[in-house]
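Labels below follow one simple rule: chain letters A, B, ... track the order of the sequence lines, proteins then strands, and each chain is numbered from 1.
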Protein chains: 2
Amino acid sequence: MKKSRSEKQQRILDFIRTFLEKHDYPPSIRDIQSGCEISSTSVVDYNLKALEARGLIRRDREVSRAIQLVGTGGRGGGAVEVPVVGTIAAGEPLALPSQEGIDPRQVDETVTVTQEMIRGRDQVFALRVRGTSMIDALINDGDIVLMEPTDSVADGEMAAVYLGSSNETTFKRVYREGKRVRLQPENATMQPFHVDADDLSVQGRFVGVVRAL
Amino acid sequence: MKKSRSEKQQRILDFIRTFLEKHDYPPSIRDIQSGCEISSTSVVDYNLKALEARGLIRRDREVSRAIQLVGTGGRGGGAVEVPVVGTIAAGEPLALPSQEGIDPRQVDETVTVTQEMIRGRDQVFALRVRGTSMIDALINDGDIVLMEPTDSVADGEMAAVYLGSSNETTFKRVYREGKRVRLQPENATMQPFHVDADDLSVQGRFVGVVRAL
DNA sequence: GGAGGCGTGGAACGTGTGTTCTGAATCGGT
DNA sequence: ACCGATTCAGAACACACGTTCCACGCCTCC
């Protein structure tokens with residue numbers, strides 16, 4: 001009576017999820033055993049190790065109930081971890097990771113935001129802002145902006161744009177003016193400047209800001 | 001060397017919160033013991049029972065790590081519901097509920113913020129800001145500010161203050177100047193004004209801001 | 001058929017962990 | 001100063017729990 005390899009593991013995973021939802025603390029090995037009608041604790045341990053190897057959970061050894069879901073957005077709550085992938089400033093280059101599939105585990109810094117801040121948007125990442133060029137848009141030096149990957153924005157939107165000729169990335173409002181594009185700071189003491197539309201590629205659209213406290 | 005009754009319990013509560021944030025599972029009694037530098041497990045148990053009696057946590061007996069936060073926002077997962085208790089603006093009165101024991105269930109509107117925004121502070125409430133008098137502090141019309149109840153603030157802090165003679169509440173930076181107090185807007189086009197220190201009572205200290213998207 | 005890998009059963013071991021008990025220290029009010 | 005209530009210290013107990021070990025059935029491949 002063999003079951004497919006992942007079926008039992010999937011069942012364990014679901015049990016952990018519902019248990020977590022119900023109790024707000026993770027189940028013990030023996031909770032899983034009785035909850036999934038498994039005959040032995042060693043079988044549970046065996047499958048938990050497999051799940052950990054697959055990266056679906058994380059465990060702390062020798063600690064009871066030390067099971068953490070890492071698969072579907074951590075815990076079901078209203079909070080989301082967003083990776084801070086770098087710093088953005090006028091006049092400085094910024095290397096962005098590949099747009100798709102940013103792995104939160106590869107980024108050592110993350111910010112926690114509520115789901116309503118990203119409103120269901122996918123692949124949101126975050127950038128630390130350097131400088132006060134967007135101060136009038138209430139974005140200060142040191143703030144963290146949430147960005148949604150895209151390659152085009154509507155007129156007047158705030159976006160992170162890459163300028164090929166000068167190899168730099170900057171954060172401005174973007175206005176199309178024929179074949180040229182106007183990059184407008186939100187700072188009364190700064191002047192807008194214009195670049196060729198072909199020289200510019202949009203990296204991401206502004207979604208929200210998190211104040212650095 | 002006696003500490004105030006709730007100080008140790010507050011510390012335990014904060015520790016549980018941060019532990020939960022870091023590990024995604026609740027701490028054991030001995031985790032709390034070492035984390036809060038408490039000498040005995042029985043003391044932890046004693047205070048946990050007190051916290052449970054006050055309704056701030058929930059526990060399952062005979063089960064390890066079965067501590068659930070119920071006080072501020074249910075789950076410890078990083079998101080907290082903060083009640084929006086009113087609107088604050090220069091020149092308009094505002095009725096604040098009793099400082100202590102604001103019941104989130106009595107307020108129909110709440111904002112969801114991450115726990116790191118309130119950093120373990122207790123009794124945080126929120127106010128919707130009307131007007132642009134604090135625009136230079138990056139607080140705009142329509143934004144929601146998080147406030148911590150207090151009756152005194154350090155010089156230069158932003159606070160919600162009530163002026164008895166004019167029966168109004170306003171949100172400004174507060175500077176003591178002898179027997180008078182200077183209320184300083186954060187808007188270059190506005191002038192500060194002064195009130196008698198006796199006429200002023202501090203309602204809450206600025207903790208953070210949530211942008212209205 | 002034999003070897004090896006994989007999933008399973010059952011049991012035992014060591015320790016992590018909640019609980020409880022006994023006293024002492026501290027606090028608050030009369 | 002006295003006394004009850006509260007809080008704290010330290011130890012011990014009982015068991016919940018993660019871990020490990022060994023044996024067995026099942027499958028695949030040579």
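Side-chain N/O atoms of B:Arg173 and B:Gln184 include no donor and acceptor closer than 3.5 Å. Residues A:Ser42 and A:Asp45 bring no donor and acceptor atom of their side chains to less than 3.5 Å of each other.
Each end of the helix from C:dG1-D:dC30 to C:dT30-D:dA1 gets its own axis from five base pairs, and the two axes differ in direction by 30°, given to 10 degrees.
Cation-pi check for A:Arg65 over B:Tyr25 is not met; the charged atom does not lie both under 6.0 angstrom from the ring centroid and within 45 degrees of its normal.
Taking atom CZ on A:Arg61 and atom C1' on D:dC17, their separation rounds to 17 Å, with Å as the unit. Rounded to a whole Å, the NZ atom of B:Lys49 is 13 Å from the P atom of D:dT7. Rounded to an integer number of Å, the gap from A:Asp60 CG to D:dC17 P is 17 Å. One can place OH of A:Tyr46 at 13 Å from P of C:dG9, the figure rounded to the nearest angstrom. Rounded to an integer number of Å, the gap from A:Asp45 CG to D:dT20 C1' is 9 Å. One can place CD of B:Gln68 at 14 Å from P of C:dG18, the figure rounded to the nearest angstrom. Computed from coordinates, the B:Leu48 CG to C:dT19 C1' distance equals 12 Å when rounded to whole Å. In this structure, the CD atom of A:Gln33 is 11 Å from the C1' atom of D:dC17, given to the nearest Å.
In this structure, OH in A:Tyr46 is found 11.5 Å from CG in A:Leu51, a value given to the nearest 0.5 Å.
The closest donor-acceptor contact from the side chain of B:Asp199 to the backbone of B:Asp196 lies at 3.5 Å or more, if one exists at all. One N or O on the side chain of A:Gln33 and one on the backbone of A:Ser39 form a donor-acceptor pair closer than 3.5 Å. Under the 3.5 Å distance criterion, the side-chain polar atoms of B:Asn187 are matched with a main-chain donor or acceptor of B:Thr132. Under the 3.5 Å distance criterion, the side-chain polar atoms of B:Asp155 are matched with a main-chain donor or acceptor of B:Arg176.
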Legend entry - Footprint string (nucleotides 10-17 of chain C, 5' to 3'): B base within contact, S backbone only, - free, heavy atoms under 4.0 Å: BB----SB
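The pair A:Asp14-A:Arg11 does not meet the salt-bridge criterion, since no charged nitrogen lies less than 4.0 angstrom from a carboxylate oxygen.
Dashed line: the shortest gap from a side-chain N or O of A:Arg59 to OP1 or OP2 of D:dT19 is under 4.0 Å.
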